[in-house]
Amino acid sequence: KMHIGHWYNYGPTDSWARFKKLKGFNVFEPIGYDAFGLPAENYAIKTGVHPQDSTLKNISDIREMIKQMGGMYDWDAELMTCAPEYYKWNQWLFLQLYKRGLAYRKNAPVNWCPSCQTVLANEQVLNDGTCERCGTTVIQKNLTQWFLKITNYADELLAGLNKIDWPEKTKLMQTNWIGKSFGTEVEFAIEGHDEKITVFTTRPDTLFGVTYIVLAPEKELVQQITKAEFKAGVEKYIEAVKSFSEIERISTVKEKTGVPTGAFAINPVNGEHVPIWIADYVLATYGTGCVMAVPGHDERDFEFAKKFGLPIRKVILQPGTNVEEELEEAYTEVGTMINSGKYSGLRSDEGIEKISLDLEAKRVGRRKINYRLRDWLISRQRYWGTPIPIVYCNSCGEVPVPEDQLPVLLPYNVNFRPDGGSPLVSNHEFVNTKCPMCQGEARRDVDTMDTFVDSSWYYLRYLNPKFNHGMFDTKLANEWTPVDMYVGGSEHAVMHLLYARFVHKFLRDIGLVNSDEPFQKLIHQGTITNQGAKMSKSKGNVVEPQSFMETYGSDVFRMYLMFMGPYELGGDWSDKGIVGVERFVQRVYAMFKAHAISAKVNPPKEKYEISELNEVEKSIYRKVNQTIHKVDVEIENFRFNTAVAMLMELSNELKNLDECRKDLQSYSLERFAVMIAPLAPHLGEECWKLIGKEKSLYENPLWFDADEKALSVDNTTVVVQINGKVRAKIDLAINTPQENVKKIVFADEKIKSYTTGKEIVKEIYIPNKIYTIVVK
RNA sequence: GCCGAAGUGGCGGAAUUGGUAGACGCGCUGGACUCAAAAUCCAGUCUGGCUUACACCAGGUGCCGGUUCGAGUCCGGCCUUCGGUACCA
């Protein structure tokens with residue numbers, strides 16, 4: 001069912017789209033259903049209802065509710081990702097990536113529950129590392145899985161951020177996620193082995209301070225180099241590490257653990273032999289999975305060395321300290337290099353360059369750019385998703401399904417909870433197939449794709465979801481994309497929004513779109529929580545909009561969601577203030593009704609001269625135009641809460657409407673109706689009709705510009721401050737010359753009482769606003 | 001842990017981006033209307049002090065410190081809450 005979060009996303013966004021429509025833009029506002037994924041599958045396991053049945057049912061329920069909302073969606077462009085006409089193109093996309101070497105298989109760990117004999121999502125693993133269903137400790141198990149080479153685009157994904165109008169914080173999160181770092185790879189020989197250990201470091205200047213080497217426990221090399229008498233300890237440690245999540249492993253507060261391998265590595269800069277350890281704080285997935293430990297100048301290494309009694313050597317001298325002082329903690333900033341052979345005396349940041357060059361010359365190292373970003377693992381051992389279009393043949397090996405045989409249909413009959421693997425294994429008709437190359441016996445890949453694949457290109461499909469000559473209609477795509485306004489929660493700041501950017505760039509590279517980025521402008525709506533927690537079925541704190549719709553109607557509900565607070569912040573749900581919006585709507589409607597007949601027979605002028613208006617009229621005319629001026633900017637920037645507040649202010653001002661000339665009443669009401677129309681579309685149309693307009697506003701879009709002349713004011717209040725405290729407020733004609741202001745200020749009795757007998761140090765005048773006097 | 005945000009009356013929030021803190025709304029209090037209630041309308045409402053009252057004074061935007069004539073806004077250091085952390089999407 002729809003919950004308030006959906007409404008919060010769709011309602012205000014529809015208001016923005018309506019605003020654009022009224023302003024004369026050609027607006028395409030589609031809606032659809034991202035329908036594959038884990039929740040439907042879990043629901044099936046729990047209740048036995050097939051994911052396809054529950055999903056289709058939910059979609060038809062949700063469609064009805066969205067229609068009640070009054071969004072101006074293009075229902076001809078509706079799509080759902082679980083339809084074969086849609087996911088066929090996920091498969092086609094996969095094949096294009098595969099053809100170009102951007103889809104490949106390798107081993108990667110999954111969460112495995114040994115008792116349920118199934119793969120678990122991170123979400124299904126509790127904080128203590130146990131299975132949410134049975135409480136068994138979850139372990140990491142390696143499976144061969146499909147990856148997409150998003151890392152090939154790392155640099156472009158970084159650079160492209162400069163070209164798009166996205167929140168700075170989102171761009172920053174993507175930048176940090178990609179995590180480009182400039183460093184050096186250094187090779188350490190291993191005592192008694194031909195193989196070498198390559199470490200990645202951003203601090204080659206600290207090479208002389210290396211006192212041990214740490215390998216990620218899962219590195220294969222560990223098996224080869226571990227000395228016999230250390231084997232037992234190493235094996236035990238590797239087993240123990242399997243139950244830790246990555247977050248736990250790299251936590252800087254968790255006590256460091258690790259064991260020695262008994263092997264030694266040789267430092268290429270000084271020939272020193274240092275012990276090789278394994279520890280879980282080193283990850284196999286980042287850099288080379290090997291770290292040179294410099295306890296003197298790295299916090300984690302320092303802590304580790306302290307705990308295990310490994311030597312700590314000072315090779316960077318902190319400015320203002322002396323060489324003999326012992327290190328209390330790791331010093332990680334720039335300093336003077338010491339105990340570093342011929343490099344001693346250099347500034348450490350210069351040393352980075354020097355040492356790197358020398359390592360390159362000696363062929364034991366090279367400068368290297370490293371990314372934190374990893375390739376995109378898309379294999380899921382689940383049912384409710386897109387089948388991966390690959391078959392495995394005994395003689396031909398891994399064979400892609402030919403494009404003309406797509407889609408590989410997701411079979412209906414499966415066991416959602418099989419023992420030991422992907423649910424699709426249970427359907428033999430699906431699994432057993434012919435090899436497209438040799439027609440021999442072959443087996444299909446039984447995994448499905450990550451649903452982020454579905455959501456990485458749907459905006460292109462929206463333009464014509466029935467298009468059957470390709471993934472989407474390139475002509476339309478080039479007309480309409482990049483998307484002008486994309487609205488979604490900041491929980492998507494990195495993953496979805498990075499994947500979509502990657503896929504868009506790939507589609508550009510194969511000539512299907514001509515733009516570099518999918519979403520030109522991005523806005524995040526905030527999260528609506530309930531009692532401080534994200535709404536979710538499992539927590540049982542979901543608030544449904546239905547009852548509010550029934551009590552107040554969709555306009556009031558929509559406007560209340562907008563009035564609650566800043567759109568990008570969201571907030572905790574409460575219906576406390578909704579009656580305020582209800583009253584406002586009723587007052588507006590009553591106002592239009594009261595003036596309906598008069599408005600029909602007294603058409604307004606296009607503009608009024610301020611001089612021809614009396615005081616009440618002047619005030620109303622000004623307020624109307626100021627409101628137009630501000631509401632325009634506020635809606636444009638998704639500041640709906642203040643837009644609604646301004647219309648409330650205007651409605652308060654219009655309480656005097658009866659005191660002004662009839663045609664000015666019509667003038668005010670026309671503008672009010674147009675301004676309220678995007679925020680409360682049903683009310684807007686109703687008001688528009690009441691004042692005698694025959695055609696719908698949305699059929700004949702209209703938006704008024706403010707009369708610039710009405711925005712200026714005659715008088716202003718100048719605040720007088722003495723030593724930063726407000727002491728008087730003086731009403732003055734606008735743009736009164738400073739000398740005159742000064743005279744008036746110093747003539748003020750109150751100001752006199754604060755200034756007489758004091759020395760005036762300084763006077764600052766901010767025109768039409770503030771006169772500040774500093775006294776001593 | 002790491003990355004990114006947020007914190008303002010009894011409550012949701014506003015503040016032209018360094019210039020009158022509390023717009024707009026809820027709630028509450030008082031009044032009008034009513035036989036009465038509901039609805040509606042009008043007035044008041046940051047806290048404390050002083051005053052018959054108008055006024056006036058002091059304090060006040062999570063905490064501590066700094067810059068400035070002036071800080072909710074800028075800088076440094078914390079605290080709390082929220083989002084993400086690569087298999088929820």
Side-chain angles (χ1 to χ4, degrees), chain A residues 34 36-39 42 108 110-111 119-125 145 150 167-170 172-177 179 245-254 281 285 300 372-382 450-452 454-455 488-496 498-499 524 526-527 529 532-534 536 538 560 563-566 568-572 574-581 583-584 586-587 590 630 633 639 641-642 644-649 651-652 655 717-726 728-729 750 761-764 766 769-775:
Chain A
D34 184 15
F36 272 141
L38 188 64
N42 282 341
V110 292
N111 300 312
V119 175
L120 297 177
N122 290 341
E123 198 185 44
Q124 299 173 294
V125 182
Q145 309 188 72
I150 188 173
E168 284 307 316
K169 64 157 186 162
T170 309
L172 186 57
M173 277 191 269
Q174 290 214 345
T175 302
N176 292 338
W177 183 266
S245 72
E246 204 172 285
I247 292 176
E248 290 172 305
R249 285 176 57 166
I250 59 175
S251 165
T252 51
V253 291
K254 173 177 159 268
Y281 76 88
T285 49
R300 290 172 314 170
R372 206 187 71 99
L373 180 68
R374 308 203 290 253
D375 278 338
W376 178 8
L377 167 58
I378 60 155
S379 295
R380 296 292 180 272
Q381 295 70 41
R382 305 197 188 287
D450 179 6
T451 56
F452 276 128
D454 315 0
S455 56
S490 62
E491 69 270 22
H492 292 303
V494 270
M495 307 189 70
H496 161 59
L498 199 61
Y499 294 142
H524 293 307
T527 313
T529 54
K534 211 174 158 182
S536 76
S538 53
Y560 177 59
F563 185 58
M564 269 178 19
E568 291 171 71
L569 275 186
D572 207 40
S574 158
D575 59 5
K576 261 188 166 178
I578 195 167
V579 292
V581 176
R583 285 175 197 153
F584 169 62
Q586 296 301 349
R587 270 199 300 271
K630 287 193 261 173
V633 181
R639 289 193 292 262
N641 55 332
T642 46
V644 174
M646 283 164 192
L647 287 168
M648 285 175 169
E649 278 189 53
S651 126
N652 290 339
K655 279 174 186 161
T717 303
V718 169
V719 171
V720 187
Q721 291 186 343
I722 293 172
N723 291 351
K725 286 195 185 297
V726 178
K729 294 172 188 179
K750 189 139 175 250
V761 182
K762 208 187 213 179
E763 287 168 67
I764 301 152
I766 313 292
K769 253 184 201 166
I770 285 196
Y771 199 98
T772 289
I773 303 163
V774 184
V775 300

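In this text the structure is predicted, and so the values were computed from the model without any measurement. Chain naming here is simple, since letters A, B, ... match the order of the sequence lines and numbering starts at 1 in each.
- The base of rC87(B) sits within donor-acceptor range of the side chain of Q145(A), with an N or O pair under 3.5 Å.
- For the C1' atoms, the distance from rU47(B) to rU67(B) is 29 Å, rounded to whole Å.
- As judged by a 4.0 angstrom heavy-atom cut-off over every strand, N652(A) is placed among residues touching the sugar-phosphate backbone only.
- Distance CZ (F563(A)) to C1' (rG27(B)): 14 Å, rounded to an integer number of Å.
- The partner of rG18(B), taking Watson-Crick or G-U wobble pairs whose two distances both stay under 3.5 Å, does not exist in any strand shown.
- For the pair R583(A) and rG27(B), the criterion of a side-chain N or O lying under 4.0 Å from OP1 or OP2 is met.
- For the pair Q381(A) CD and rC87(B) C1', the interatomic distance rounds to 8 Å; values are reported in whole Å.
- Below the 3.5 angstrom threshold, one finds no donor paired with an acceptor across the side chain of E248(A) and the base of rG1(B).
- Nearer the 5' end of RNA chain B, as judged by each residue's closest nucleotide, is the contact made by M173(A), out of M173(A) and V726(A).
- Within 4.0 Å (heavy atoms only), D34(A) reaches sugar-phosphate atoms of the nucleic acid but no base atom.
- Counting to the nearest Å, the C1' atom of rG84(B) and the CD atom of E491(A) are 9 Å from each other.
- With its glycosidic angle more than 90° from 0, rG59(B) adopts the anti conformation.
- Of the candidate nucleotides rC88(B), rG25(B), rC56(B), rC56(B) has the atom lying nearest to any side-chain atom of K750(A).
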